[in-house]
Amino acid sequence: MTFDLTIIDRVFKNYDIRGIAETEITEDLAFAVGNSFVRVLGITTCGVGQDARSSSPKLTKALIAGIRAAGCEVIDFGMVS
């Protein structure tokens with residue numbers, strides 16, 4: 001897993017993560033976010049939803065993989081509004 005650490009300041013905002021899919025927001029970054037989310041919060045179950053963008057399935061899959069790698073159960077809600 002590799003991603004440019006300098007991207008962090010550009011994509012992490014006060015209340016969300018925003019950037020260009022596959023350029024700034026990569027599968028490796030999604031995996032790391034999911035994994036870190038679980039480790040920091042110490043949760044055992046979480047839900048994940050995605051929007052209708054074409055990049056969502058790949059990024060969601062990577063996010064879920066990171067969450068599961070940290071030992072957390074995932075409820076995949078699929079596409080949500």
Side-chain angles (χ1 to χ4, degrees):
M1 172 178 40
T2 61
F3 57 89
D4 180 4
L5 289 175
T6 63
I7 201 85
I8 300 300
D9 288 335
R10 289 197 309 269
V11 300
F12 281 79
K13 309 299 182 194
N14 288 336
Y15 302 102
D16 60 7
I17 302 170
R18 295 209 174 253
I20 301 167
E22 299 179 18
T23 301
E24 295 175 322
I25 309 296
T26 63
E27 291 173 64
D28 285 344
L29 181 61
F31 181 97
V33 167
N35 196 273
S36 298
F37 179 77
V38 172
R39 293 178 186 280
V40 168
L41 296 180
I43 58 176
T44 58
T45 305
C46 73
V48 174
Q50 67 185 43
D51 62 19
R53 286 178 265 202
S54 61
S55 57
S56 291
K58 284 183 181 178
L59 293 174
T60 300
K61 183 177 178 181
L63 179 75
I64 289 172
I67 292 168
R68 287 186 174 145
C72 185
E73 182 181 338
V74 176
I75 301 167
D76 185 353
F77 295 117
M79 193 181 305
V80 296
S81 58

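Numbers for residues simply follow the sequence, beginning at 1. This one's a predicted model, so the numbers in the text were calculated from it and none came from an experiment.
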Asks: Who else is in the cluster with Phe77 when I, L, V, M, F, W and Y are joined by side-chain contacts under 4.5 Å?
Replies: Ile75, Val80
Asks: Answer with yes or no whether the hydrophobic clustering places Phe12 together with Ile20; edges join I, L, V, M, F, W, Y residues whose side-chain heavy atoms lie under 4.5 Å apart.
Replies: no
Asks: Could you pull out the closest heavy-atom pair between Ala30 and Leu59, with the gap in Å?
Replies: CB-O, 3.6 Å
Asks: So, taking the atom named CD1 in Ile7 and the one named OG1 in Thr23, what distance separates them when rounded to the nearest 0.5 Å?
Replies: 8.5 Å
Asks: Kindly give the heavy-atom pair with the smallest separation between Thr45 and Cys72, and that separation in Å.
Replies: N-SG, 3.4 Å
Asks: Which heavy atom of Met79 sits nearest to which heavy atom of Ala52, and what is that distance?
Replies: SD-CB, 3.8 Å
Asks: Hey, are Thr60 and Gln50 close enough side-chain-wise for a donor-acceptor pair under 3.5 Å?
Replies: yes
Asks: Decide side-chain contact (heavy atoms from CB on, under 4.5 Å) for Ile8 and Leu29; before the verdict, give the C-alpha distance in whole Å, the side-chain angles of both, and the deciding distance to 0.1 Å.
Replies: CA-CA 9 Å; Ile8 300 300; Leu29 181 61; 4.2 Å; yes
Asks: Nearest 0.5 Å please: distance from the NZ atom of Lys58 over to the OG1 atom of Thr26.
Replies: 12.0 Å
Asks: Looking at Ser55 and Glu22, what are the two nearest heavy atoms and their distance?
Replies: CB-OE2, 4.5 Å
Asks: Nearest heavy-atom pair of Ile25 and Arg18: which atoms, and what distance?
Replies: CD1-C, 4.2 Å
